[in-house]
Amino acid sequence: MDLNLTPEEQTFRDELRSWLADNVPEPWPLSRRGENVEDYWNFLRAWQRKLFDGGWAGISWPKEFGGRGASPVQQSIFLAEVARAQAPQHLGVIGEGLVGPTIIVAGTDEQKRRFLPRILTGEDIWCQGYSEPNSGSDLASLGTRAIRDGDEYVVNGQKIWTSFAHIADWCLLLVRTDPDVPKHKGITCLLVDMKSPGISARPLRQMSGESGFNEVFFTDVRVPVDNQLGELNNGWRVGLTALMNERANLGSSMYVAFEETMAKLVDLCRMHKRNGQPLCADPIVRQKIAQAQVELEIFRLNTDRALSRANANETPGPEGSILKIYWSEMNQRLSQTAMEILGDVAQLSTFDNGAWAYCYLRSRGNTIEGGTSEIQRNILAERVLGLPKSY
Amino acid sequence: MYFDLSKPQKLLQQAAREFCKRECPTTRVHELLDAKDGVDSELWQGIADQGWVGLHLAEEFEGLGLGLVELAVVAEELGRACAPGPWLSTNWASTTLALANTTQAKTVLPQVVDGTSQITLAILEEEHSWEISAETKATVDPERNQLSGTKQCVMNAAEADWILCVANLSGKLCLVSVPSDAQGVQITSTPGIDATRKLHQCDFNQVTLDTDDILAKGDAAKSALQISEHIAIVAVCAEMLGLMQHMLEMTVEYAKTRRQFDRVIGSFQAIQHMCADMLLLTESARSAVWYAAWSLDNEEADAQRAVTVAKIYTSDAVRQVGNLAVQVHGGIGFTWEHDLHLYYKRAKATEYLLGDATFHREQLARMTFDESCGI
């Protein structure tokens with residue numbers, strides 16, 4: 001057991017830190033984010049290009065595909081350092097984190113040549129067409145249909161909760177290619193050009209007020225058979241590779257953000273008074289803050305343990321479900337604690353720019369997105385504890 | 001970064017697990033429960049022969065000189081077996097003695113480490129918490145050199161040959177060593193819910209002390225007590241981790257075999273999700289315990305905080321895991337003949353030992369706020 005970084009990991013971190021110090025752009029002004037959307041996306045694309053030019057795009061990919069072959073620990077160092085440097089949002093997150101690794105495992109040489117470099121440079125932004133209005137947790141029941149017509153598939157159906165769909169160039173799409181076999185066995189994975197005729201994306205507004213994801217409609221969309229990823233009707237397995245990656249990645253990028261929220265809350269407790277006393281003199285506030293700090297620290301440690309395991313085994317396993325349940329439920333408790341301690345003003349858009357109200361509302365989605373807490377618990381019960389399938 | 005047990009640590013874990021399986025099956029724990037004195041000298045000698053009494057003590061005290069991660073590994077296995085006896089109290093008192101007074105420690109500890117003698121530590125009072133301070137009511141009269149006071153929840157005092165007692169000496173903290181057969185010492189059994197760890201009230205009524213018996217005073221006493229408390233908390237938390245691990249395993253096993261409605265109950269999501277929560281709590285506690293052990297051993301800047309965090313999380317988690325275990329077991333888990341209550345009650349009692357989660361959350365709040373807030 002040694003929690004210190006190895007010399008190799010330290011070198012990696014130092015190199016990255018100095019690169020970030022020289023290259024992270026001035027933050028995009030919050031006030032301009034709503035009114036000039038195109039400019040904002042171009043700003044994010046430029047950042048992706050900068051990462052690529054600096055050799056920091058797709059770092060976990062094997063070297064032969066343009067990555068650095070970075071270990072899970074190095075990947076986690078990368079995510080934390082980028083967050084600490086307050087770098088722009090990572091537009092290539094789905095392409096780099098999900099689509100690329102899936103193409104590397106399941107793609108043809110031609111697909112690898114065609115798609116992988118453009119993911120790294122940010123020329124292609126990807127979205128992920130998985131969930132449907134009637135297929136959420138039961139993803140394998142998806143009904144978006146693809147019927148073969150010569151050298152093409154004709155796709156009809158609807159996807160939902162699709163992040164980045166309104167700006168994406170490409171989509172990793174799960175479709176039903178055989179309705180007459182058990183549901184897991186009739187799904188195929190397609191790589192779909194989002195500029196194809198027949199695709200329309202409609203942003204969905206969330207309870208927190210922002211639009212982070214979309215509904216996407218497919219009407220007689222024609223997709224070349226060459227864009228099939230993996231074998232026909234093997235899409236469930238191909239698609240799951242990506243989901244495993246998603247679970248492992250999501251957690252490690254978040255600690256820095258939670259840490260900042262926690263530090264802000266502690267500062268507010270020092271500065272704000274109630275009934276003539278600083279909040280931090282109230283024994284109940286002290287108990288609640290301490291509890292939140294404990295939970296955050298355990299999140300950091302659980303993540304580091306999972307990373308150590310991933311470093312040894314290379315593929316992310318079902319333990320990722322522990323992390324997912326842990327951070328999502330922790331964030332809900334943390335934002336509740338903040339609202340409770342700060343009191344009535346915390347809900348106001350005029351208090352800290354509405355940040356606390358936003359955190360609170362946004363956190364409700366955490367236990368649903370990326371696999372609900374219930375699905376994660378099913379996974380732990382079946383795959384880690386060896387209990388029988390419940391459905 | 002490698003946050004997992006090393007190969008030698010895994011070997012130690014394996015050896016400890018096999019020892020406990022062989023020497024301390026739960027049938028034995030049940031027998032002791034119903035026996036009058038509940039002392040298993042054979043098991044105790046076995047533990048001493050393994051070197052575990054002085055596992056992390058330096059060689060000058062006849063210890064094995066191993067680290068705190070190794071201490072946690074052994075403590076977890078003893079917890080997993082719900083092993084009865086004075087391992088924890090003796091180990092804690094030995095650490096305290098070694099830190100407080102090297103000369104005395106060199107005389108006393110070799111016979112403690114080899115299992116011949118036992119020592120324990122008396123801190124808690126009716127009106128005083130686990131806080132290490134001179135506010136304690138037990139007092140050493142400086143003129144007559146006599147100790148008077150009453151200590152509660154002293155672990156395994158009946159078998160101890162010496163009792164280390166925290167007292168007030170002219171307004172300063174001091175640590176004294178009292179032979180348990182000295183005149184004026186009265187030890188009364190005060191049975192708690194956990195019969196695997198005996199608790200006693202110790203009354204000291206004008207017990208005359210030799211000058212040698214005052215082990216340390218003031219800051220030296222405080223520092224010895226604080227450091228040994230941190231190490232003891234690591235051991236206590238690791239024990240709780242072992243309790244959790246075992247309760248998780250026995251519950252999952254039960255869920256796989258118990259049938260209702262023509263299927264095993266482990267196929268119901270209501271049961272599965274309780275088991276998944278037990279796993280999450282146990283694995284999270286493991287992260288906290290290992291980190292506390294490692295950071296304390298490596299004198300990391302946040303070591304004290306890590307120990308506090310571990311005690312908070314583990315104290316709450318062990319109770320929750322116990323509650324879930326009983327619920328999944330249904331009626332059988334509520335009976336005396338079943339093993340579960342051994343673990344459940346040990347868990348509940350250990351939750352309070354060296355300060356419960358509420359006590360330590362306040363300690364953590366002091367670290368966070370009190371230097372900057374002027375309180």
Side-chain angles (χ1 to χ4, degrees), chain A residues 1-6 9 71 73 76-77 266-267 269-270 277-281 283 285-291 293-295 297-309 311-312 319 321-323 325-326 329 373-374 376-382 384-391, chain B residues 1-6 9 67 69 248 252 255-256 263-269 271-280 283-288 290-291 293-295 297-298 300 302 305-306 308-310 312-313 316 357-358 360-370 372-375:
Chain A
M1 190 175 297
D2 185 358
L3 280 90
N4 294 311
L5 298 183
T6 62
E9 289 160 353
S71 69
V73 172
S76 133
I77 292 169
V266 165
D267 272 349
C269 289
R270 285 195 185 109
Q277 284 254 60
L279 284 172
C280 66
V285 170
R286 293 164 73 84
Q287 285 286 318
K288 284 179 188 278
I289 291 285
Q291 181 60 31
Q293 288 175 321
V294 168
E295 293 181 13
E297 176 72 350
I298 303 286
F299 173 55
R300 179 177 78 89
L301 300 173
N302 280 350
T303 306
D304 283 354
R305 268 184 67 215
L307 283 169
S308 292
R309 265 200 306 264
N311 250 16
E319 308 88 1
S321 291
I322 291 184
L323 285 184
I325 297 171
Y326 190 94
E329 297 184 352
S373 288
E374 290 67 36
Q376 307 296 351
R377 285 186 168 86
N378 293 346
I379 291 172
L380 290 180
E382 288 164 20
V384 179
L385 298 176
L387 292 168
K389 265 192 100 59
S390 60
Y391 52 89
Chain B
M1 185 185 71
Y2 183 71
F3 192 5
D4 201 350
L5 297 181
S6 65
Q9 286 162 346
V69 176
L248 167 67
V252 169
K256 281 178 184 170
R263 51 200 287 208
V264 295
I265 62 167
S267 65
F268 297 117
Q269 286 190 4
I271 301 293
Q272 292 190 343
H273 290 192
M274 285 195 266
C275 293
D277 283 336
M278 292 171 75
L279 174 71
L280 184 144
E283 285 307 316
S284 299
R286 184 179 303 286
S287 302
W290 283 358
Y291 184 66
W294 181 83
S295 61
D297 225 5
N298 288 275
E300 294 289 309
D302 66 345
R305 187 176 189 271
T308 307
V309 165
I312 295 169
Y313 191 85
D316 280 340
T358 305
H360 282 283
R361 274 190 291 263
E362 173 55 23
Q363 308 300 313
L364 188 58
R366 287 181 196 175
M367 295 177 208
T368 306
F369 290 122
D370 292 359
S372 55
C373 209
I375 298 170

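All chains are named by letter (A, B, ...) in the order of the sequence lines, taking the proteins before the strands, and each is independently numbered beginning at 1. Owing to the predicted nature of the structure, the values given are computational and were not obtained by experimental measurement.
- If you tally non-hydrogen atom pairs under 4.5 Å between each of A:Lys288, A:Lys389, A:Gln277, A:Gln293 and chain B, the highest count goes to A:Gln293.
- Note that the CG atom of A:Asn311 and the CZ atom of B:Phe3 stand 14.0 Å from one another [nearest 0.5 Å].
- For A:Gln287, the parts lying under 4.5 angstrom from a heavy atom of chain B are both the backbone and the side chain.
- Heavy atoms of B:Val264 lying under 4.5 Å from chain A belong exclusively to its side chain.
- Contacts of A:Val285 with chain B are absent, with no heavy-atom separation under 4.5 Å from either backbone or side chain.
- The residue among B:Ala276, B:Ala293, B:Ser287, B:Ala365 with the most heavy atom pairs within less than 4.5 Å of chain A is B:Ser287.
- You'll find the side chain of B:Tyr313 stays beyond 4.5 Å of the side chain of A:Glu297, heavy atoms only.
- Contact of the B:Glu283 side chain with the A:Asn302 side chain is not registered, since no non-hydrogen atoms from C-beta on lie closer than 4.5 Å.
- Using a 4.5 Å cut-off between heavy atoms, B:Arg286 contacts chain A through both its backbone and its side chain.
- Per-residue counts of heavy-atom pairs under 4.5 Å with chain A were compared for B:Arg305, B:His360, B:Gln9; the largest is that of B:Arg305.
- No other option in A:Asn378, A:Leu380, A:Ile325, A:Val384 has as many heavy-atom pairs under 4.5 Å with chain B as A:Asn378.
- Contact annotation: the side chain of B:Leu5 approaches that of A:Met1 to within less than 4.5 Å [non-hydrogen atoms, C-beta and beyond].
- Here the side chains of A:Asn4 and B:Trp294 are in contact, with some heavy-atom distance below 4.5 Å.
- When heavy atoms are compared at a cutoff of 4.5 Å, A:Glu374 approaches chain B by way of both its backbone and its side chain.
- Separation of atoms OG (B:Ser267) and CD (A:Glu382) is listed at 10.5 Å; rounding is to 0.5 Å.
- Of the two parts of B:Val252, the backbone and the side chain both hold a non-hydrogen atom closer than 4.5 Å to a non-hydrogen atom of chain A.
- Using a 4.5 Å heavy-atom threshold, the side chains of A:Ser308 and B:Met1 count as touching.
- Counting only heavy atoms from C-beta outward, the side chains of A:Val73 and B:Tyr2 never approach each other to under 4.5 Å.
- Note: A:Asp304 leads A:Asp304, A:Leu5, A:Ile322 in heavy-atom pairs under 4.5 Å with chain B.
- Closest of all the heavy-atom pairs between B:Ala255 and A:Leu387 is CB-CD2, 4.0 Å.
- By number of non-hydrogen pairs under 4.5 angstrom with chain A, the leading residue of B:Asn298, B:Thr358, B:Ile271, B:Asp297 is B:Thr358.
- In this structure, the side chains of A:Gln291 and B:Arg361 come closer than 4.5 Å at one or more pairs of heavy atoms.
- When heavy atoms are compared at a cutoff of 4.5 Å, B:Asp316 approaches chain A solely by way of its side chain, counted from C-beta outward.
- Within the 4.5 Å cutoff, side-chain heavy atoms of A:Tyr391 are placed close to those of B:Gln269.
- Residue B:Thr308 does not touch chain A at all, counting heavy-atom pairs closer than 4.5 Å.
- Contact annotation for B:Gln363: neither backbone nor side-chain heavy atoms come within less than 4.5 Å of a heavy atom of chain A.
- Within the model, atoms OG1 of B:Thr368 and CZ of A:Arg270 stand 7.5 Å from one another, a figure rounded to the nearest 0.5 Å.
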- request: List the steps and the verdict of side chain to side chain contact (heavy atoms under 4.5 Å, CB included) for B:Gln272 and A:Arg377.
  value: CA-CA 7 Å; B:Gln272 292 190 343; A:Arg377 285 186 168 86; over 6 Å; no
